Trainee: 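This is the structure I want to talk about, given as structure tokens.
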Amino acid sequence: MKYSNLVEYLTVADVFIDYILQNCSEKELNVMLHDIMKHLKKAKVTEAALAVLESIIFKLMTYLKELRHLLSLPYFVNILDVFHGDIRVSVCKRIASSVSRNNQIIKDPVTQHFMFEICKSLHDSLDSLSSEDDRRQLARLIARFVQLVDFGCDLEQHLSFLVDCRGTFANMDLIRETVVHLSNRIATDTLRLLKGNHSSHSVEFVKSCVTFNEITIPSINIITNRVDLYLETAEVALMNGLLSHVEGLTKSSITCLQEVQNVEEAKRKEIEEEGFICIRKLCSFLVLVPGHPDLGPFYLLRGLINLLNTQPWFQGQYKVQILCGILSICSTLHQGSLPYHVQSMEVASNDELFFGEPAYNEELLLIMNEVVEDIISSLDQVTDMIHGQQALDLCNLFITTFVGDDELNALCTSLFKTATASLPKQNGYLHSTLSFAKSRGLTLTA
């Protein structure tokens, strides 16, 4: 029986294709798709016809789960090209969701190109009327596609792909963040493949990865995400011995935090909490970063302290905890050998560069005294908020850093009393603090 009405024909085909997918071979499926394509060329394709055609496409995707298999069908792509408007967006979304759900690495160039065009359609479908939920959903789908693409050992081609993604999906912060993460992974993969022994060509390639990130990160809207990515890229640059980039990226992360005070009041609290976490990461990273031959070993640390003193949002417990983090850095840098180093022949840590020089120790002690004064001053403002474990944390920090200072010994005793008042007597942390203080020649009393 022949159908002159396209919608009627496609309705029958929609039912019949179930039987073919379950019981017939690919040869019969191709015949069916060829016949559908012939009917689509002869008649005007209405919205009603597209709705039925969408059902057919979804059934194909349900039975043939591998995208590569679908693309091998002679008429699959041609049928997809018939779709337009909202129905095309729906089909593209279903394809992208299927790829994301199957979680299969995409190595085939044809599949990579096809999915890139699918994601481009999704990106271009967004406009000023699109909801935030739609934007987030599509951004996640596109980001997952970008993560699944794999070029094997052709890392330069992979970086080129990331450049294309950054340009094509320019309106999505999540994509910019994703390509930065992947660029860093490419740089570390390069180091791993070369077993840490860079050639002049590989160094230039890694510099390209880092420079790509330096260009991309400033366009990301969320401040704390920018800081995290600056620090992540700085770590990768340090691993690869790119010290000039490390300096610039670390300074950018500190400068970025100055923007927190400009955030609207409704979002300020959340950003401040995330900013505090970023600064703790920065403190840990500064242990590894070698000092500057002209600006001194602590110029980046000085920059962080200056930030604390100039930003009004660094107040209360946050300020105390950040100052304690800085004091921990100073205590660590005062050791003859740092607890961890960068595994790179091109990077020497501060214990190798400066330790033993009188000027190094003098400046370090000066910074430590300034920080302790700030901590004591800040504690006076938040005494009622310091209790329990936090009081013990401060006590242990002072015991670790200073021995024999009467004023600080008295402060440790006061902090220990505060902790004792809010913790049970059997608390293990209390007893370990007592034992540690005794080993350092300090007697704490409750």
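These numbers come from a predicted model, not from an experiment.
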Trainee: Does Ile95 form a side-chain contact (heavy atoms from CB on, under 4.5 Å) with Leu80? I'd like the steps, not just the answer.
Mentor: CA-CA 11 Å; Ile95 293 172; Leu80 280 183; 4.0 Å; yes

Trainee: So which atom in Arg88 and which in Phe83 form the shortest heavy-atom distance, rounded to 0.1 Å?
Mentor: CD-O, 3.4 Å

Trainee: Using a 3.5 Å distance criterion without hydrogens, assess whether the side chain of Asn102 forms a donor-acceptor pair with backbone atoms of Gln104.
Mentor: no

Trainee: Looking only at atom types and distance, does a side-chain atom of Asp150 sit under 3.5 Å from a main-chain N or O of Gly152, one as donor and one as acceptor?
Mentor: yes

Trainee: What is the ring orientation for His158 with Phe151, classed by angle as parallel under 30°, tilted 30 to 60°, or perpendicular over 60°?
Mentor: tilted

Trainee: Compute whether any side-chain donor of one residue and acceptor of the other, for Tyr9 and Asp35, lie under 3.5 angstrom apart.
Mentor: yes

Trainee: Which heavy-atom pair separates Ile87 from Ala51 by the least distance, and what is that distance?
Mentor: CD1-N, 3.9 Å

Trainee: Between atom CD1 of Ile118 and atom CG of Leu67, what is the distance when rounded to the nearest 0.5 Å?
Mentor: 8.5 Å

Trainee: Would you find a donor on one side and an acceptor on the other, under 3.5 Å apart, between the side chain of Ser121 and the backbone of Glu117?
Mentor: yes

Trainee: Under 3.5 Å, is there a donor-acceptor pair linking the side chains of Asp393 and Tyr429?
Mentor: yes

Trainee: I need the Lys93 NZ to Gln137 CD distance, nearest 0.5 Å.
Mentor: 4.5 Å

Trainee: Under a plain distance cut-off of 3.5 Å, with no hydrogens placed, do Arg135 and Ser130 share a side-chain donor-acceptor pair?
Mentor: no

Trainee: Hey, is the main chain of Val180 close enough, under 3.5 Å, to the side chain of Ser183 for a donor-acceptor pair?
Mentor: no

Trainee: Students often mix this up, so state it plainly: with edges at 30° and 60°, are the rings of Phe116 and Phe145 parallel, tilted or perpendicular?
Mentor: perpendicular

Trainee: Evaluate the side-chain contact (heavy atoms from CB on, under 4.5 Å) criterion for residues Val210 and Leu249: first the C-alpha distance (whole Å), next the side-chain angles of each, then the deciding distance (0.1 Å), finally the verdict.
Mentor: CA-CA 10 Å; Val210 172; Leu249 288 160; 4.0 Å; yes

Trainee: Is there a donor-acceptor pair closer than 3.5 Å between any side-chain N or O of Thr211 and the backbone N or O of Ser208?
Mentor: no

Trainee: Hey, is the main chain of Gly291 close enough, under 3.5 Å, to the side chain of Asn350 for a donor-acceptor pair?
Mentor: yes

Trainee: Dump the intermediate steps for salt bridge (charged side-chain N to carboxylate O under 4.0 Å, His left out) on Glu370 and Arg302, then the final yes or no.
Mentor: CA-CA 11 Å; Glu370 291 174 2; Arg302 284 284 190 189; 2.8 Å; yes

Trainee: Say you draw a straight line from CG of Leu288 to CG of Leu338; how long is it, rounded to the nearest 0.5 Å?
Mentor: 8.0 Å

Trainee: Report the residue from His292, Glu247, Lys251 that forms a side chain to side chain donor-acceptor pair (under 3.5 Å) with Tyr299.
Mentor: Glu247

Trainee: Please check if the side chain of Ser160 supplies one atom and the backbone of Glu156 the other of a donor-acceptor pair under 3.5 Å.
Mentor: no

Trainee: Is there a donor-acceptor pair closer than 3.5 Å between any side-chain N or O of Ser331 and the backbone N or O of Leu327?
Mentor: no

Trainee: Charged N to carboxylate O below 4.0 Å: is that the case for Glu204 and Lys207?
Mentor: yes

Trainee: Would you check if there is a donor-acceptor pair between the side chains of Glu54 and Ser90 at a distance under 3.5 Å?
Mentor: yes

Trainee: Would you say the side chains of Tyr19 and Glu28 form a donor-acceptor pair under 3.5 Å?
Mentor: no

Trainee: For the atom pair CG (Leu282) and CD1 (Ile326), what is the distance rounded to the nearest 0.5 Å?
Mentor: 8.5 Å

Trainee: In terms of side-chain heavy atoms, does Gln22 have a donor or acceptor partner in Tyr63 at a distance below 3.5 Å?
Mentor: yes

Trainee: Out of Leu71, Leu64, Leu29, Asn30, which one pairs with Phe76 under the side chain to side chain contact (heavy atoms under 4.5 Å, CB included) rule?
Mentor: Leu71

Trainee: Distance only, no hydrogens: is a donor on one side chain within 3.5 Å (strictly under) of an acceptor on the other, for Arg144 and Gln147?
Mentor: yes

Trainee: Kindly say whether Asn221 contributes a backbone atom to a donor-acceptor pair with the side chain of Asn225 at under 3.5 angstrom?
Mentor: no

Trainee: Can you list the steps and then say if Arg68 with Thr111 is a side-chain hydrogen bond (donor to acceptor under 3.5 Å, both in side chains)?
Mentor: CA-CA 6 Å; Arg68 188 170 57 178; Thr111 307; 6.0 Å; no

Trainee: Between Arg166 and Phe212, does the side-chain contact (heavy atoms from CB on, under 4.5 Å) criterion hold? Intermediate values first, please.
Mentor: CA-CA 10 Å; Arg166 182 182 65 185; Phe212 169 82; 3.3 Å; yes

Trainee: Once you measure the plane-to-plane angle for Tyr75 and His34, does it fall in the parallel (<30°), tilted (30-60°) or perpendicular (>60°) bin?
Mentor: tilted

